[in-house]
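Right, one structure below, let's go through it.
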Amino acid sequence: MTSDERRHLRVLIANERRERLALLAHVVAELGHEVIAREIDVEEVGAVTARERPDVALVGLGLSSQHALDLIGEIVSESACPVIALLSAEDPAYVHEAAKRGIFAYILNDDPQELASAIDITLQRFAEYQSLQGAFGRRAVIEQAKGILMARQGVTADAAFELLREHSQRTGRKLAEVADAVVESHLLLLPPAGEPPPRKTRQRRPRNDT
């Protein structure tokens with residue numbers, strides 16, 4: 001992400017205290033970002049996150065720490081953006097619980113410069129996290145495709161990998177894409193859940209009455 005893109009982020013802010021939302025929205029606007037949603041209700045914040053797809057979410061600690069933790073949990077469950085927790089004072093127990101729910105950073109006040117630095121660092125960490133998750137996901141799909149080919153073709157793991165690699169080179173597609181296609185085709189050929197696989201029937205030879 002370039003510095004120019006970082007200056008124009010789409011930000012979701014959440015806090016059970018409306019006056020804090022208004023103050024935070026002003027700080028975010030001062031940084032040149034756009035507040036796309038202001039949320040108070042835990043029941044709604046997840047759906048809003050999924051619909052708006054913000055670049056970053058800022059969740060303030062209001063009157064109830066549980067309310068703030070629930071807001072964080074709903075946003076993180078959508079896996080749409082990193083979350084930064086905002087506190088007015090040190091609260092190690094709350095930070096610990098917020099970290100368990102998936103925050104990427106926290107700051108102790110609404111100072112624009114501190115918030116700007118926290119957002120920059122958080123977005124870098126989130127990008128690295130997504131890249132790592134993608135690498136793990138691609139590796140898992142390749143291993144799954146190898147297992148399918150080993151079972152179908154009766155070959156070793158190394159031979160199954162070579163089949164994937166050769167097809168990748170021959171078609172000009174990425175290895176992960178080829179592996180994903182193998183897995184998808186395998187899933188399509190599986191019988192529906194609860195339905196036994198079709199039984200093989202022996203073909204009867206015609207009777208010869210002569």
Side-chain angles (χ1 to χ4, degrees), residues 1-140:
M1 181 175 290
T2 66
S3 59
D4 191 52
E5 287 175 316
R6 284 197 295 269
R7 285 198 295 269
H8 302 283
L9 299 173
R10 302 174 71 253
V11 182
L12 180 150
I13 59 176
N15 194 315
E16 64 179 314
R17 298 170 58 185
R18 292 185 183 276
E19 71 276 11
R20 295 297 297 173
L21 281 178
L23 177 61
L24 183 56
H26 178 70
V27 173
V28 171
E30 280 188 339
L31 294 175
H33 304 317
E34 176 189 3
V35 175
I36 58 166
R38 307 183 188 191
E39 288 304 314
I40 295 176
D41 297 327
V42 173
E43 294 77 12
E44 297 179 5
V45 71
V48 171
T49 303
R51 183 179 68 248
E52 299 295 338
R53 311 297 293 179
D55 297 308
V56 64
L58 309 176
V59 179
L61 174 57
L63 301 174
S64 166
S65 60
Q66 188 58 52
H67 187 93
L69 291 171
D70 289 343
L71 287 171
I72 292 169
E74 289 295 319
I75 297 171
V76 171
S77 69
E78 296 298 330
S79 299
C81 67
V83 178
I84 298 174
L86 308 179
L87 294 80
S88 57
E90 287 282 1
D91 190 338
Y94 172 76
V95 171
H96 177 71
E97 290 299 319
K100 287 166 60 177
R101 284 163 174 76
I103 64 167
F104 271 75
Y106 76 95
I107 61 174
L108 293 178
N109 55 55
D110 298 333
D111 177 74
Q113 294 307 314
E114 286 195 25
L115 183 57
S117 297
I119 289 175
D120 278 351
I121 293 171
T122 298
L123 290 175
Q124 291 174 18
R125 289 177 177 172
F126 189 66
E128 292 167 358
Y129 167 78
Q130 287 189 313
S131 177
L132 188 60
Q133 288 292 96
F136 283 140
R138 290 190 295 272
R139 183 178 301 175

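Arg101 contributes atom CZ, which lies 4.5 Å from atom CG of Leu69 (distance to the nearest 0.5 angstrom). Remark: Asp55 CG to His33 NE2 distance equals 9.0 Å, nearest 0.5 Å. To the nearest 0.5 Å, the span separating CG on Leu23 from CD1 on Ile13 amounts to 9.5 Å. Taking CG of Leu71 as the reference point, atom CD of Glu43 lies at 9.0 Å (rounded to 0.5 Å). For the atom pair CD1 (Ile84) and CD1 (Ile72), the distance works out to 11.0 Å, reported to the nearest 0.5 Å. Atoms CD and CG, on Glu39 and Leu12 in that order, are 6.0 Å from each other to the nearest 0.5 Å.
Within the 4.5 Å cutoff, the side chain of Leu61 has heavy atoms near those of the Tyr94 side chain. Looking at heavy atoms from C-beta onward, Val95 lies in side-chain contact with Leu87 at the 4.5 angstrom threshold. Looking at Leu24 and Asn15, their side chains never come closer than 4.5 Å, going by heavy atoms from C-beta outward. Side-chain contact check for Leu86 versus Leu115: some heavy-atom pair is nearer than 4.5 Å. Contact check for Val11 versus Glu34: no side-chain heavy atoms found under the 4.5 Å cut-off. When side chains are defined from C-beta on, Ile75 counts as touching Cys81, because their heavy atoms get closer than 4.5 Å.
Glu97 and Lys100 are joined by a salt bridge, as a carboxylate oxygen and a charged side-chain nitrogen come within less than 4.0 angstrom of each other.
Legend: side chain to side chain donor-acceptor pair (under 3.5 Å) pairs involving residues 56-66, not counting sequence neighbours, sorted by first then second residue: Gln66-Asp70.
For the pair Asp41 (side chain) and Glu44 (backbone), a donor-acceptor distance under 3.5 Å is absent. Under a 3.5 Å cut-off, the side chain of Glu52 and the backbone N or O of Ala37 do not form any donor-acceptor pair.
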